[in-house]
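Okay, so here's the structure we're looking at.
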Amino acid sequence: MRRAWPHAWRLPAALSLAVLGLAALGLAGCGRDAQENATQHRFMAMGTLVDVTVYGVPADEAGTAAREVERLFHDLHRAWQPQGDGALGRLNTMLAADPATDPAAVDADLGMLIAAANGLAQDTGGLFDPGLGALVQLWGFASAESLPAAPPPPEAVAAWLEERPLQVDLGGFAKGVAVDRAIALLRARGIEHAIVNAGGDLRAIGRKGDRPWRIGIRAPRDPAGVLAALETAGDEAVFTSGDYERWFEHDGRRYHHILDPRTGYPTAGLVSVTVLHADAGRADAAATALMVAGPEAWPAVAAALGIEAVMVVRADGGIELTPAMQPRIWFTDAAYGGQARVRPLP
Ligand code: AMP
Ligand code: MG
């Protein structure tokens with residue numbers, strides 16, 4: 001049943017500027033909004049623009065902490081890159097020679113991260129699959145700098161499905177964990193009000209003075225557009241996975257970076273999934289997993305992951321929200337609201 005949307009109204013222009021305009025500018029640096037009493041620090045890491053916004057502490061303290069967050073992101077990026085000389089790159093080289101290599105023996109922290117990823121894989125019946133690194137490589141989505149020009153030969157995909165060589169890829173999870181660690185770092189420095197925003201995926205703590213943090217969610221087929229906004233309540237992460245983040249076209253078909261481990265091909269049926277959850281790592285993995293689950297199964301997989309607040313945009317244009325998400329979302333345009341319906345979790 002479609003019904004009129006109760007929360008459909010146009011947001012003040014200032015909101016979309018605050019949330020998305022910054023990401024669009026693509027500049028690195030530091031800034032202070034004297035009137036707002038918020039300090040912002042921006043840098044590139046993990047292939048994306050990261051914004052650290054801190055409220056309520058002196059600018060020098062905020063700046064020092066934000067630069068520590070920048071170092072943390074760079075360190076984690078190096079450690080968790082699937083190739084190269086970081087911990088995960090070394091593990092993958094060892095796995096290629098011996099699939100029984102113990103990740104914890106290579107690096108204790110990486111071992112914990114992979115154990116957590118494997119737990120999420122189990123909860124999703126393997127739809128979230130941190131062991132599909134070789135498939136990501138085969139598709140050419142492993143490099144942050146370049147996109148593939150064509151899909152791999154079908155025989156190569158079939159060979160991967162048969163052999164499933166173990167190579168670890170944490171691309172669907174690591175950004176969330178990095179955001180969680182960044183928030184922990186800020187808290188350890190006495191900061192209680194902040195947002196760590198990595199390319200539109202973020203976790204917010206506290207408030208922006210006398211009002212909550214406001215977050216914009218990008219419209220899937222409109223790079224400059226805002227689909228909806230929400231206000232975070234206390235300590236919450238908002239993560240979106242979409243087929244528009246990394247993709248290429250070949251022979252008139254669109255191929256994107258979220259792969260279905262059951263078929264070896266990009267997922268179909270959903271354009272984007274937005275998850276609201278306390279823990280950024282779990283939200284990140286869940287958004288990826290629900291893209292794989294698709295338009296029929298996503299509510300069951302969300303329930304299995306303990307995720308209550310979800311919004312999905314379907315390939316047919318329909319928007320679905322769980323009962324927990326519905327009261328949190330403000331659509332920026334009444335037309336979006338008209339496409340939305342509530343879908344309960346099992
Ligand atoms: P995200 O943008 O968080 O949805 O993560 C997408 C990234 O996760 C891809 O670029 C791959 O590195 C990785 N990935 C792709 N498909 C899957 C999957 N089914 N399970 C886990 N990770 C995946
Ligand atoms: Mg993810």
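Each ligand, and each atom within it, is numbered from 1 in the order the structure gives.
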| message | I'd like to verify the contacts: list protein N, O or S atoms under a distance of 2.8 Å from the Mg ion (ligand 2). | response |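 Checking every protein N, O and S atom gives Gly172 O, Asp284 O, Asp284 OD1, Thr288 OG1.
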Look only at interatomic distance and state if [X] has a nitrogen or oxygen under 3.5 Å from any nitrogen or oxygen of ligand 1.
| X | answer |
| --- | --- |
| Leu259 | yes |
| Val292 | no |
| Ser241 | yes |
| Pro261 | no |

| said: How long is the straight-line distance from CG of Asp51 back to CG of Asn197, given to the nearest 0.5 Å? | reply: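 If we round to the nearest 0.5 Å, Asn197:CG and Asp51:CG are 5.5 Å apart.
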| Could you give the distance from CG (Asp129) to CG (Leu132), rounded to the nearest 0.5 Å? |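 Answer for the CG-CG pair, Asp129 versus Leu132, is 4.0 Å.
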Which of the numbered atoms in ligand 1 are below 4.0 angstrom from a heavy atom of [X]?
| X | result |
| --- | --- |
| Thr288 | 1 (P), 3 (O), 4 (O), 5 (O) |
| Gly171 | 3 (O), 5 (O), 7 (C), 8 (O), 12 (O) |
| Glu245 | 2 (O) |
| Asp284 | 3 (O) |
| Asp129 | 18 (C), 20 (N), 21 (C) |
| Ile258 | 4 (O), 15 (C), 16 (N) |

| field | Other residues, nucleotides, ligands: >12 heavy atoms within 6.0 Å of Glu61 CD | value |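 Yes, CD of Glu61 has more than 12 neighbouring heavy atoms, counting only those of other groups under 6.0 Å.
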| field | Proximity of Phe248 and His250 rings by center, below 6.0 Å | value |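 Ring centres of His250 and Phe248 not closer than 6.0 Å.
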Would you check if the side chain of [X] reaches a backbone N or O of [Y] as a donor-acceptor pair within less than 3.5 Å?
| X | Y | result |
| --- | --- | --- |
| Thr232 | Glu236 | no |
| His257 | Phe141 | no |
| Arg328 | Glu231 | yes |
| Asn92 | Pro82 | yes |
| Ser241 | Val273 | no |

| said: Within the structure provided, determine whether His277 and Val310 are in side-chain contact (heavy-atom separation under 4.5 Å). | reply: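 No, side chains not in contact.
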| request: Could you tell me whether the side chain of Leu290 reaches within less than 4.5 Å of the side chain of Val292, counting heavy atoms only? | output: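 They are not in side-chain contact.
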| Protein contact of atom 9 (C) of ligand 1 - nearest heavy atom, named by residue and atom, plus distance |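 Going atom by atom, the protein heavy atom closest to atom 9 (C) of ligand 1 ends up being His257 O, 3.5 Å.
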| query | Which protein non-hydrogen atom lies closest to atom 8 (O) of ligand 1, naming both residue and atom, and how far is it? | reply |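 Here the closest protein heavy atom is Gly172 N, 3.0 Å.
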| message | If you take the nearest heavy atom of each of Thr48, Asp260, Asp169, Leu132, which one is closest to atom 11 (C) of ligand 1? | response |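 When every heavy atom of Thr48, Asp260, Asp169, Leu132 is considered, Asp169 comes closest to atom 11 (C) of ligand 1.
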| field | Heavy atom of Leu127, distance to ligand 1 below 4.0 Å | value |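 The answer is yes, since Leu127 has a heavy atom less than 4.0 Å from ligand 1.
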| Does Phe128 come within less than 4.0 Å of ligand 1, judged by its heavy atoms? |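 True for this residue.
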| message | Parallel, tilted or perpendicular, judged at 30° and 60°: which one describes the rings of Phe331 and Tyr336? | response |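 Phe331 and Tyr336: tilted rings.
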| said: Is a donor from one side chain sitting under 3.5 angstrom from an acceptor on the other, for Glu70 and His41? | reply: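 There is such a pair (donor and acceptor under 3.5 Å, judged by atom type) between the side chains of Glu70 and His41.
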